[in-house]
Amino acid sequence: ILTRAVKANHIELISLLLQQPTIDLALNNPFSIALEQNNTDIINLFFNNKKFKPDTNTILAWSIINNNDQLFTSTLPQ
């Protein structure tokens, strides 16, 4: 359901789904779809979700796309 909502750009539904404790954020990789669509609203919903644990490559790609070096450097190990 989450992947379909991302593909259809249903922001409100995605927001509700991300609040569900049993939602699988990795199933069918909806975050990658949002990245491919360059949908910043959906991407930000993922980044603001405590369950979302992006890997370093994902953070780097998003930082480069958005010229946001602070996002990348803030996630590096100290």
Side-chain angles (χ1 to χ4, degrees):
I1 295 174
L2 181 58
T3 302
R4 286 184 186 179
V6 169
K7 287 179 179 179
N9 196 35
H10 288 295
I11 303 291
E12 291 177 15
L13 178 57
I14 295 165
S15 183
L16 290 172
L17 290 170
L18 289 175
Q19 295 174 27
Q20 301 305 309
T22 58
I23 195 76
D24 183 352
L25 300 180
L27 183 65
N28 297 321
N29 214 349
F31 181 76
S32 289
I33 294 167
L35 275 178
E36 289 170 10
Q37 295 175 343
N38 197 27
N39 193 321
T40 56
D41 292 332
I42 294 174
I43 293 167
N44 286 327
L45 286 175
F46 275 91
F47 273 121
N48 290 324
N49 185 292
K50 294 180 192 228
K51 294 186 303 182
F52 181 61
K53 305 292 185 212
D55 60 24
T56 304
N57 290 335
T58 300
I59 295 168
L60 176 60
W62 179 238
S63 299
I64 290 170
I65 290 168
N66 289 287
N67 274 340
N68 188 346
D69 60 341
Q70 288 180 339
L71 174 64
F72 180 67
T73 55
S74 70
T75 61
L76 292 174
Q78 299 297 323

Cut-off 3.5 Å, no hydrogens considered: what does the side-chain donor-acceptor table look like for residues 13-35, sequence neighbours left out?
{"from": "Gln19", "atom 1": "NE2", "to": "Ser15", "atom 2": "O", "distance (Å)": "3.4"}
{"from": "Gln20", "atom 1": "NE2", "to": "Leu16", "atom 2": "O", "distance (Å)": "3.4"}
{"from": "Asp24", "atom 1": "OD1", "to": "Ala26", "atom 2": "N", "distance (Å)": "2.9"}
{"from": "Asp24", "atom 1": "OD1", "to": "Leu27", "atom 2": "N", "distance (Å)": "3.4"}
{"from": "Asn29", "atom 1": "OD1", "to": "Ser32", "atom 2": "OG", "distance (Å)": "3.2"}
{"from": "Asn29", "atom 1": "ND2", "to": "Ser32", "atom 2": "OG", "distance (Å)": "2.9"}

Notebook entry, point to check: Which distance, rounded to the nearest 0.5 Å, do you find between the NZ of Lys53 and the CZ of Phe46?
Noted result: 14.0 Å
Next item on the list: Apply side-chain hydrogen bond (donor to acceptor under 3.5 Å, both in side chains) to Asn39 and list each qualifying residue two or more places apart in sequence or on a separate chain.
Entry: Asn9
Item checked: Rounded distance (nearest 0.5 Å) linking atom NZ of Lys7 with atom CD of Gln37 -> 9.0 Å
